[in-house]
Amino acid sequence: MSELSHVDHEGRARMVDVSEKSETTRIAVAEGELRTTAEVVALVRAEDMPKADVLSTARVAGIAGAKKTSELIPLCHQLALSSVRVEFGFTDTAITIEATAKTKGPTGVEMEALTAVAVAGLTLHDMVKAVDPAATLTGVRLLTKEGGKRGHWERPSEEAPAEIGAAPGEELSADEADAEPDSSEYTEAEFDEEERSAVVLVASTGVAAGTRDDTTGPVLVDWLTDLGFSVRGPLVYADAEIEFGLADALRFEPALVISTGGTGASPTDATPEATLALLDRELPGVAEAIRQRGTAKFPLAALSRGVAGLAGRSVIVNLPGSPGGVRDGIAVLEPLLDHLLTQVAGGGSHDNG
């Protein structure tokens with residue numbers, strides 16, 4: 001049975017020493033919802049509540065809450081947050097909240113993401129209580145985390161046990177989740193060629209803003225679908241938000257993630273750096289083969305900085321954000337995919353030199 005990380009051997013509360021942990025990019029996503037009435041939902045959507053701009057106020061409160069986490073929760077570490085994003089959605093009788101927190105450091109940002117959701121939700125409650133004093137903040141929980149020794153973690157489906165490594169109704173602490181895992185903690189789907197999953201991710205500020213058409217994502221979706229993959233996407237993210245796009249793409253641990261765009265030398269091209277922060281192992285030969293194929297026809301293709309590698313059992317490949325670059329990527333990847341994915345899933349161990 002796992003020990004509580006914030007309690008010493010004499011039962012006293014302690015702050016976990018993280019000085020020996022490596023600094024990696026850490027991303028956490030949490031969610032919650034404010035259950036209320038259809039009238040309140042309609043008023044908030046129409047920006048017609050008696051108080052000020054409800055969602056903007058709750059968003060700022062959530063971000064501020066994340067920054068104050070170590071002051072509110074006594075055993076949390078002070079973190080230099082590089083990004084906090086709070087987003088809202090609607091159902092007929094609820095306002096949904098999702099917060100994403102990011103840092104680079106020796107410990108995770110789960111508590112910061114959860115605090116952002118909780119504070120944003122409480123602010124929503126304060127803003128709507130004049131109309132619905134019975135509104136309920138509920139379902140505050142961690143969805144995914146990236147970084148640290150454990151790498152990618154995702155909340156199990158509702159049909160699975162409540163928490164891997166915890167008793168029903170209990171949560172693992174952020175520091176416990178970052179501890180060196182026992183192999184029994186992981187639940188990994190068996191590889192099935194007939195049910196392989198893939199995600200297509202597009203890094204383009206113009207496409208995300210609606211000022212440009214996506215000429216690469218649909219091509220990749222059609223190609224992968226024809227190969228028998230179950231495809232999610234294209235997921236479109238602005239260049240500056242690509243790290244969130246990668247976290248989104250890896251959320252369900254797909255066999256394959258193919259990104260396009262953001263691989264050049266411009267100041268906003270950040271896809272390779274965001275990808276490298278998540279990789280456990282690189283596949284340099286794959287990236288170089290794609291570059292060489294493009295350079296043979298178009299010398300400027302040598303400027304692509306795309307990388308390829310493994311994040312857990314997910315293969316990630318960066319392609320340039322052009323139709324020609326995508327065609328080159330398809331030509332290189334198609335004869336490799338079956339063998340590569342079988343090896344990654346543990347179905348083969350051939351020495352390829």
Side-chain angles (χ1 to χ4, degrees), residues 22 24-29 108 142-157 159-161 163-165 172 177-201 220-221 223-225 227-233 235 242-259 271-272 274-287 290 306-319 329 332-352:
S22 60
T24 65
T25 298
R26 316 270 184 156
I27 302 173
V29 182
L142 184 67
L143 292 179
T144 65
K145 67 181 286 288
E146 305 285 344
K149 290 182 179 179
R150 191 166 183 174
H152 176 77
W153 176 90
E154 180 183 339
R155 173 169 291 278
S157 64
E159 292 75 23
E163 183 67 74
I164 299 171
L172 292 175
D178 267 341
E180 183 71 46
D182 183 83
S183 60
S184 63
E185 289 184 61
Y186 291 92
T187 56
E188 297 175 351
E190 292 185 2
F191 181 73
D192 185 341
E193 286 192 356
E194 300 304 317
E195 297 181 356
R196 289 182 298 186
S197 58
V199 178
V200 173
L201 176 62
L220 287 167
V221 170
W223 170 60
L224 290 167
T225 301
L227 291 180
F229 284 85
S230 171
V231 185
R232 179 171 167 243
L235 308 179
I242 190 58
E243 70 268 24
F244 297 112
L246 285 164
D248 186 5
L250 290 168
R251 182 175 297 186
F252 303 109
E253 299 185 1
L256 177 66
V257 175
I258 300 183
S259 71
T271 300
T275 303
L276 286 169
L278 298 175
L279 294 184
D280 301 310
R281 292 182 289 166
E282 287 191 65
L283 295 169
V286 173
I290 295 169
V307 299
L310 308 177
R313 290 197 174 185
S314 296
V315 175
I316 307 178
V317 180
N318 301 155
L319 299 182
V332 170
L333 290 173
E334 187 156 339
L336 301 177
L337 276 182
D338 283 346
H339 184 70
L340 172 59
L341 296 179
T342 299
Q343 275 200 328
V344 172
S349 58
H350 301 297
D351 186 357
N352 295 310

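All heavy atoms count here, side chains included; hydrogens, waters and symmetry mates do not.
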L235 and V199: side-chain contact (heavy atoms from CB on, under 4.5 Å), yes or no, with the steps? CA-CA 8 Å; L235 308 179; V199 178; 3.7 Å; yes

Which atom names give the shortest non-hydrogen contact between [X] and [Y], and what distance separates them?
X    : Y    : result
F229 : A198 : CD2-CB, 3.7 Å
V221 : G233 : CG2-O, 3.9 Å
L227 : R196 : O-NH2, 4.2 Å
R26  : G108 : NH1-N, 4.0 Å
A311 : L278 : CB-O, 3.6 Å
G306 : A287 : O-CB, 3.5 Å

Heavy atoms, side chains only, cut-off 4.5 Å: are [X] and [Y] in contact?
X    : Y    : answer
E243 : T25  : no
L333 : V286 : yes
L256 : L340 : no
V317 : L283 : no
V344 : L310 : yes
I316 : L279 : yes
V29  : E146 : no

Determine, for R232 against D248, whether the closest basic-nitrogen to carboxylate-oxygen distance falls under 4.0 angstrom. yes

Value rounded to 0.5 Å, distance of [atom1] in [X] from [atom2] in [Y]:
X    : Y    : atom1 : atom2 : value
I27  : L246 : CD1   : CG    : 8.0 Å
D338 : Q343 : CG    : CD    : 12.0 Å
T271 : I242 : OG1   : CD1   : 4.5 Å

Taking the side chain from S259 and the backbone from L201, do they hold a donor-acceptor pair closer than 3.5 Å? no

Between the side chains of W223 and E334, is a donor N or O closer than 3.5 angstrom to an acceptor N or O? yes

Quick one: do the N318 and T275 side chains pair a donor with an acceptor below 3.5 Å? yes

Pair V315, V257 - check side-chain contact (heavy atoms from CB on, under 4.5 Å), show working. CA-CA 6 Å; V315 175; V257 175; over 6 Å; no

